[in-house]
Amino acid sequence: MPEGPEIHRAANKIRKALEGKVIHDIEITVPRYLERTSDFIGKKVLKVEARGKAMLIHFDSFVMYSHNQLYGRWTVNRKDTAPKKWNRSLRIALTTDKHTCRLWSATDILLMEPWELTGHPYLEKLGPDVVISETTVEQLITHMSQKKFQRRRLKTLLLDQGFFAGVGNYLRSEILFTSSLHPDRTVASLSDEEKITLAQQALFLSRQSYDVPGITVDLELYDQLRDLGQSRGRARHWVFTRDELPCHRCAALILHTRPGGRRLDYCPQCQPMI
Ligand SMILES: [Zn+2]
């Protein structure tokens, strides 16, 4: 599933293609919106933004909300380029004078009045977004000090978009590793210093992974590993998908767990339970 950095990068591409542009053509296959094509034609896109893992495309009188869930993907092509042939089904294609932005396989698509955004169940619950540069360490610390988070374990909280929006599976493992925190620790068990480290690492890794697509490991180490012949997939993370391999910091073997059916990898030595 795409995580915050990937969603924000997709939003940048769509923004370049759509923002300030007029929609010339549209294709919709979402059954309940088949009659809505005329709402788009001739209308200008005012703004494109990512919030958590949702994408919002703002028009004058309505907003198109989409959440990719597991299989949804956006593609952006020149208008005359044929769409990719793959086993995803087209939901919406928005065409300007130059580009076509297509949303594939997403099931969660809504056309909303702008005022409805405030009460939307997903958007309303979102915590601070770790990818956007406005979010600060102080904001994350204030947010995590809320009572409702105190007894929950970091391994479940870090996938809750109400905690740190934009963190998904690989970022969860990586943030816990660089913060030296065991996945079973609760927020209440963290010292002030550990809270600061967790907030700093959540921001640092999410933004690095946005700037240098999908790489969470130290960039110098990444180059060294690539020079040694490791694949991009093998070299790009500290612990995620590196189970049974030696930790880059202490050489202990990385452990693999699947809480709630989602992969979580960690170093038993660098991330002790205490
Ligand atoms: Zn280690």
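In each ligand, atom 1 is the first atom listed, and ligand 1 is the first ligand listed. We number each residue from 1, following the sequence as shown.
Remark: R263 engages D243 in a salt bridge, criterion side-chain N to carboxylate O under 4.0 Å.
The salt bridge (Lys or Arg N to Asp or Glu O under 4.0 Å) search around D184 returns K155, not counting sequence neighbours.
Using bins of under 30°, 30° to 60° and over 60° for the plane-to-plane angle, the ring pair F149/H143 lands in the tilted bin. Aromatic ring orientation, Y65 versus H120: tilted (interplanar angle from 30° to 60°).
Around the Zn ion (ligand 1), the protein contributes the following N, O or S atoms at distances under 2.8 Å: C247 SG, C250 SG, C267 SG, C270 SG.
For the side chain to side chain donor-acceptor pair (under 3.5 Å) with H58, the lone residue among K44, E49, E19, K47 that qualifies is E49. With Y33 as the partner, the side-chain contact (heavy atoms from CB on, under 4.5 Å) test is satisfied by one option alone out of I26, D39, L111: L111.
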